[in-house]
Amino acid sequence: MPDFTFEEIKAFLVKSINEYGCEAELRLKFSDRPNEYMIIIYEDHCSFQRCGNAKQQSGEYAYAALDELYTAQLIDDIILERDWNKIIDIDCMDFDILGFGE
């Protein structure tokens with residue numbers, strides 16, 4: 001079970017871009033998937049992607065807002081709204097640098 005709810009993560013991502021201009025990169029690891037995934041926040045949208053070597057990575061899929069990303073069917077049939085409890089690790093160096101979640 002992840003340490004943070006989606007609403008808490010969403011607040012951190014929004015704060016990072018709106019208050020600090022930081023395009024935070026949030027890494028997610030799921031209990032039932034071998035790859036890591038990443039959410040990136042931008043000023044005008046967000047994205048989701050599968051990480052890995054050149055053959056494994058998916059490239060970024062853009063979403064208008066974090067709420068849309070949360071409910072959408074993402075790469076590898078991930079739906080964050082359904083699969084949030086399968087997250088075993090959340091990591092964001094940008095959050096650490098900005099002092100979020102302490």
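No experiment lies behind these values; they were computed from the predicted model shown. As a basis for the values below, the full set of heavy atoms in this structure was taken, side chains included, without hydrogen atoms, waters or symmetry mates.
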Exercise for the section: Using modelled atom types only, decide if a donor and an acceptor are shared between the side chain of Arg50 and the backbone of Glu36 within a distance under 3.5 Å. Expected result: no
Practice task
Taking atom types as modelled, find out whether Tyr37 and Asp76 have a side-chain donor-acceptor pair closer than 3.5 angstrom.
Solution key: yes
Handout entry: Worked check of side chain to side chain contact (heavy atoms under 4.5 Å, CB included) between Ile9 and Leu26
Key = CA-CA 9 Å; Ile9 292 298; Leu26 177 82; 3.5 Å; yes
Fill in the blank from the handout: When rounded to the nearest 0.5 Å, the distance separating CD1 of Ile75 from OG of Ser58 is 5.0 Å
Handout entry: Close side-chain approach of Ile39 and Leu80, heavy atoms under 4.5 Å
Key = yes
Handout entry: Closest heavy-atom pair and its distance - Gly52, Gln57
Key = O-NE2, 2.9 Å
Problem - Any side-chain heavy-atom pair of Leu13 and Glu8 under 4.5 Å - result: no
Handout entry: Carboxylate-amine/guanidinium proximity below 4.0 Å for Arg27 and Asp91
Key = no
Problem - Glu19 side chain to Ser16 backbone, donor-acceptor under 3.5 Å - result: no
Practice task
Hey, could you give me each pair passing ring-ring contact (aromatic ring centres under 6.0 Å, His included) that has a residue in residues 50-70? Not counting sequence neighbours.
Solution key: Phe6-Tyr70
Practice task
Please round to the nearest 0.5 Å and tell me the distance separating atom CD1 of Ile87 and atom CG of Leu28.
Solution key: 4.5 Å
Exercise for the section: Give a yes or no answer on whether the side chain of Asn53 reaches the backbone of Gln56 with a donor-acceptor pair at less than 3.5 Å. Expected result: yes
Completion exercise
Leu69 and Cys46 have their tightest heavy-atom pair at CD1-SG, 3.8 Å
Problem - Value rounded to 0.5 Å, distance of CD in Gln49 from CG in Asn35 - result: 11.5 Å
Practice task
Could you walk me through whether Lys10 and Asp67 pass the salt bridge (charged side-chain N to carboxylate O under 4.0 Å, His left out) test, one step at a time?
Solution key: CA-CA 8 Å; Lys10 179 179 150 183; Asp67 288 331; 2.9 Å; yes
Exercise for the section: For side chain to side chain contact (heavy atoms under 4.5 Å, CB included), just list the numbers for Arg82 and Thr71, CA-CA rounded to whole Å, side-chain angles, deciding distance to a tenth of an Å, and then say yes or no. Expected result: CA-CA 8 Å; Arg82 177 194 68 202; Thr71 59; over 6 Å; no
Practice task
Report yes if the side chains of Ile78 and Phe48 come closer than 4.5 Å at any heavy-atom pair, otherwise no.
Solution key: yes
Problem - Heavy-atom donor-acceptor pair, Lys29 side chain to Pro34 backbone, under 3.5 Å - result: yes
Handout entry: Flag side-chain contact, heavy atom, 4.5 Å: Leu66 against Val14
Key = yes
Exercise for the section: Please go through Met38's hydrophobic cluster and name the other residues, only I, L, V, M, F, W, Y counting, with side-chain heavy atoms under 4.5 Å joining them. Expected result: Ile40, Tyr42
Handout entry: Any donor-acceptor pair under 3.5 Å from Glu68 side chain to Ala64 backbone
Key = yes
Exercise for the section: Measure the spacing between SG of Cys22 and NZ of Lys15 and express it to the nearest 0.5 Å. Expected result: 12.5 Å
